[in-house]
Amino acid sequence: QTFVRLEHDSLHRVLDARSALHTVLASDIFSNSEKDLLFMPPGKRRLPLMQARFEAVGAYVHWDKGTRTVRVFGLPEARQRGLDVLTALVDELKSIERSLLILRSDVVRQLR
């Protein structure tokens, strides 16, 4: 756990700084029934490549492989745009997964 000590002669400035700090540290947790796709090989390859898109919308995304939690940091509008980028990525990964399943079923049929 990290502690931050804010000191200033003016209580108003301390409260402003505290408010700004809370804004910066605020995050949303990405929830999607298919979010596990982000932690499968195609998703693992794409997430780091997506960092530029997250930065472009003003969001920072942190994914924890251990807990499979994806957090989006930034101002409220940036967090929402970051969540939208993640949703689009999951949709893209779903279509890739669907294509792979079709290919696998075709291969199995050919082997019969």
Side-chain angles (χ1 to χ4, degrees):
Q1 193 171 29
T2 303
F3 293 94
V4 176
R5 183 177 177 149
L6 300 172
E7 291 185 24
H8 196 277
D9 294 338
S10 167
L11 177 61
H12 179 69
R13 288 195 182 247
V14 171
L15 293 176
D16 285 348
R18 186 176 90 176
S19 176
L21 188 60
H22 283 257
T23 300
V24 169
L25 296 177
S27 69
D28 290 333
I29 295 177
F30 178 64
S31 62
N32 184 301
S33 62
E34 305 285 339
K35 82 171 182 182
D36 281 347
L37 292 171
L38 296 171
F39 298 95
M40 298 175 105
K44 285 182 187 179
R45 284 190 296 273
R46 278 188 172 69
L47 272 174
L49 301 173
M50 298 293 291
Q51 197 59 42
R53 284 179 67 185
F54 296 128
E55 289 172 5
V57 299
Y60 171 76
V61 176
H62 177 265
W63 50 93
D64 186 330
K65 295 176 212 164
T67 62
R68 293 188 176 234
T69 302
V70 181
R71 288 184 177 274
V72 182
F73 294 86
L75 296 173
E77 302 83 22
R79 289 196 311 263
Q80 184 56 53
R81 289 190 300 264
L83 292 170
D84 293 343
V85 169
L86 282 167
T87 300
L89 177 57
V90 167
D91 290 343
E92 179 184 328
L93 291 170
K94 282 193 290 191
S95 68
I96 290 170
E97 187 70 16
R98 208 173 4 258
S99 298
L100 289 174
L101 288 173
I102 291 168
L103 285 173
R104 287 181 194 137
S105 64
D106 287 345
V107 169
V108 168
R109 260 187 260 128
Q110 290 175 2
L111 293 174
R112 289 183 188 169

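These numbers come from a predicted model, not from an experiment. For the single chain, residues carry numbers from 1 onward in sequence order.
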Residues that [X] engages under salt bridge (Lys or Arg N to Asp or Glu O under 4.0 Å), provided they are two or more places apart:
X	result
R68	D36
D16	none
K44	none
D84	none

Go through the structure and list residues passing side chain to side chain contact (heavy atoms under 4.5 Å, CB included) with [X], not counting sequence neighbours.
X	value
L21	V4, L25
S31	none
R79	A26, D28, V72, P76

Do [X] and [Y] share a hydrophobic cluster (ILVMFWY, side-chain heavy atoms under 4.5 Å, transitive)?
X	Y	value
M40	F30	yes
F73	W63	no
Y60	F54	no

Atom pair CG/NZ of N32 and K94 - distance to nearest 0.5 Å: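 N32 CG to K94 NZ: 6.0 Å, rounded to 0.5 Å.
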Kindly compute the distance separating NZ (K35) from CG (L86), expressed to the nearest 0.5 Å.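 Going from the NZ atom of K35 to the CG atom of L86 covers 10.5 Å.
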Mind checking who shares a hydrophobic cluster with L15, ILVMFWY linked at side-chain heavy-atom distances under 4.5 Å?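 ILVMFWY cluster around L15 also holds L11.
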With no hydrogens and no angle check, is any side-chain donor or acceptor of R71 less than 3.5 Å from a backbone partner on S27?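 Not at all, since once roles are kept as given, no pair shorter than 3.5 Å links the two residues.
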Indicate the atoms forming the closest heavy-atom contact of A78 with A59, along with that distance.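 Minimum heavy-atom separation between A78 and A59: O-CB, 3.5 Å.
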If you compare all heavy atoms of D64 against all heavy atoms of F39, which two are closest, and at what distance to 0.1 Å?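 Answer, listing the atom of D64 first, then F39: O-CE2, 3.7 Å.
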Who are the side-chain hydrogen bond (donor to acceptor under 3.5 Å, both in side chains) partners of T69, not counting sequence neighbours?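 Here the qualifying residues are T67.
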Inter- and intrachain pairs under side chain to side chain donor-acceptor pair (under 3.5 Å), touching residues 46-58, at least two apart: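 Found R46-E92.
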Just do the side chain to side chain contact (heavy atoms under 4.5 Å, CB included) check on T87 and D91 with the steps written out, would you? CA-CA 6 Å; T87 300; D91 290 343; 4.1 Å; yes
With salt bridge (Lys or Arg N to Asp or Glu O under 4.0 Å) as the rule and sequence neighbours excluded, what pairs involving residues 3-15 come up?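 Applying salt bridge (Lys or Arg N to Asp or Glu O under 4.0 Å) to every pair that reaches into residues 3-15, excluding sequence neighbours, yields R5-E7.
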Knowing that exactly one of V90, L38, L83 qualifies, which makes a side chain to side chain contact (heavy atoms under 4.5 Å, CB included) with V70?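 Only one option passes, and that is L38.
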